[in-house]
Amino acid sequence: MCGIVGYVGKQKAVTILLEGLKRLEYRGYDSAGVAVLQNNHIDVAKKVGRVENLVKEVARHQLTGTTGIAHTRWATHGGVTDANAHPHVSSDGKFALIHNGVIENFASMKRFLLSKGYTFSSETDTEALVNLIAYHYQKEPQAGDKSRFLESVRRALMHVEGTYGIAVVCSDAPGEIVAARKASPLILGVGEEEYIIASDVSALISRTQNVVYLKDGELVHVTPKRFTIITQAEEDVSPIVNRVTWTVDATELGSYSHFMEKEIFEQPAALENTMRGRFSADGSTAQFGGLNLSPVEFRQLDRFAFCGCGTAWHACLVAEHLIERFARVPVEVDYSSEFRYRNTPLSGNTLFFMVSQSGETIDTLGALREAKRKGYKVMAINNSVGSSIAREADGGIYQHVGPEIGVASTKAFTSQLMVGAMIALYIARMRDMSFADGVQYVKALKGVPDLVRKVLEQAPHIRNVAKRFARYNDMLFLGRLSLFPIALEGALKLKEISYIHAEGYPAAEMKHGPIALISEKCPTVFFAPQCEIFNKLVSSIQEIKARRGPTIVVTTEGCEIPAGLADEVITIPDCHEAVLPIVATVPVQLLSYYIAVERGCDVDKPRNLAKSVTVE
Ligand code: G6P
């Protein structure tokens, strides 16, 4: 949610900044802008729309300086206009600032600054902060042996309520950037005679794999030769430089048309990476290196709680089903945003899992902090190494699926399902699951990549189904038990990227409301795998057909759907119950992807959405 990038070095800053912005565009794409320091002056170019528009705008400016900052916006305060695009410049022209987050007390700040003669040209909260920095710079000209630039940013931030990842340049300080964070992500790339500030690794991976993850309340001061990190309370911080294992290839599209397509097809390999090294030597259970809990401590837990947002919340629902089904231990699932404020009563022996691909979703971070405040141990299930959620959790399980760039989550979701299935196994094997059943379960998990490959082979068929169904404006997704969350996920994917109104329901709930929607104009995607309640599923499809609703039935190999009930059938391999949700997800990912393509939608950057939601 808003991408920020800053550069100090020997190269022309604007080239590196624009490349970084293109890689960060998934974080927001309302407008974009860049500010470059040259000849003790700050030059700014900004434009509504995608980074492409900014590239054209930049061509009209002479931006040759080697220090600069750039931003891609997801609007919070103020409409999508050139004036509201970042960077924002203080009214005295001395500072330019880019910001990801929300300054909650900007109105009182702005009143104060107006009374001091500062002027404003945008409706944003950010402009108040850049002017407040300018105010402190003027007010305290003597900073002793400290940097006056750094000191004025630090002092201004002491007055901020809200969240921020910021980077600032000052016309009096060529070759310098001050950046700081509170709740919004920020990293520093340490390159060869250059430094890059960014919201995430993808923006700097083409220049360096050495990064410092800034913590909340820290400020970094970058000069051409060195960087220093201090806390808000002016303590020096010894930085830890981490080596990122991703390479730039992982962030390239290759031969695919969209990142979403690439990431769907990467799933067999991604799932192998999630499982690697995580089964016991006897092949009967899972093992996790990062839980920081002994088996004895784990065994004492009598309840698990899962929190997540969007797609990650659906993964939580599947984990709940599998843990309760196989381990017979109760599980609570909450939207992260609700858990923060709901004051849920829980037993003392509860372990929390915070599920988040990015590890930066502010609601999930808030839920994590609330659970920890209440004294619970919290584990992270997340994909981005070094993320805020990973760092603040007591332990966790990394997904290891590489960068996910498409805004609609695909490979990260199936990997979260895999982690959930492994946790269910781990808990079950500590309780009543036999060695033999454990071995069967592990075999099933190890077989998932091949099963997913089989489903992917059906892409041409699913594309044809998509062509037939792309014209509808409403769609239902129905499934039961572990496939109810997959029905929710199918509906979410479709509405996110194709703007078709879609709803997911437990299939038997259809008759309590959604059935009113069914007509020849509202198709249903129905999950009907071979299972104990197969006949009940067939009855529900019959009820749809009796009302002339078109149907796409997702079923397992060898399963007979009675004649006339399915307008289209998509077959998935018959599989173990624990892996069925993973295998059943793939057809609906492909279906929504191809429908969106058919409708000419911008699949990787759906309107109004952002991949990493770092505001409440
Ligand atoms: C946004 C994205 C979704 C994602 C959700 C949670 O809404 O558009 O695709 O599922 O955030 O993100 P997280 O990084 O916490 O998994």
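Quick caveat: nothing in here was measured; it's all calculated off a predicted structure. Read the numbers this way: they start at 1 and go in the same order the structure lists the ligands and their atoms. For this chain, numbers begin at 1 and follow the sequence in order.
In terms of polar-atom proximity, defined here as any N/O pair under 3.5 Å, V355 makes no such contact with ligand 1. For Q416, no nitrogen or oxygen atom sits less than 3.5 Å from a nitrogen or oxygen atom of ligand 1, counting backbone and side chain alike.
With respect to atom 5 (C) of ligand 1, the closest heavy atom belonging to the protein is C309 O, 3.8 Å. Of all protein heavy atoms, the one closest to atom 7 (O) of ligand 1 is V613 CG2, 3.9 Å. Nearest protein heavy-atom contact of atom 16 (O) of ligand 1 is Q357 N, 2.7 Å. The single protein non-hydrogen atom nearest to atom 11 (O) of ligand 1 is K611 O, 3.7 Å, given as residue, atom name and distance. When only non-hydrogen protein atoms are considered, atom 8 (O) of ligand 1 lies nearest to A610 O, 3.1 Å. The protein non-hydrogen atom at the shortest distance from atom 3 (C) of ligand 1 is E496 OE2, 4.2 Å.
Cation-pi geometry between R607 and Y499 is satisfied (NZ or CZ under 6.0 Å from the ring centre, within 45° of the ring normal).
When the options V407, D363, T361 are ranked by their closest heavy atom to atom 9 (O) of ligand 1, first place goes to V407.
When each of F288, W313, F306, F339 is checked for a ring-ring contact (aromatic ring centres under 6.0 Å, His included) with F353, only F306 meets the rule. Screening T124, T163, I4, D125 against H99 for a side chain to side chain contact (heavy atoms under 4.5 Å, CB included) leaves a single residue, D125.
Looking only at distances, no side-chain donor or acceptor of Y593 sits under 3.5 Å from a matching main-chain atom of V603. K215 places no side-chain N or O within 3.5 Å of a backbone atom of R391 that could act as its donor or acceptor partner.
Those atoms of ligand 1 with a heavy atom of T311 less than 4.0 angstrom away are 10 (O).
Look at T364 and you'll find every heavy atom at least 4.0 Å from all atoms of ligand 1.
With no hydrogens or angles considered, a side-chain donor-acceptor pair links K374 and N343 at under 3.5 Å.
R23 has a carboxylate O that lies under 4.0 Å from a charged side-chain N of E252, or vice versa, which qualifies the two as a salt bridge.
The side chain to side chain donor-acceptor pair (under 3.5 Å) check on T274 picks up S415, with sequence neighbours excluded.
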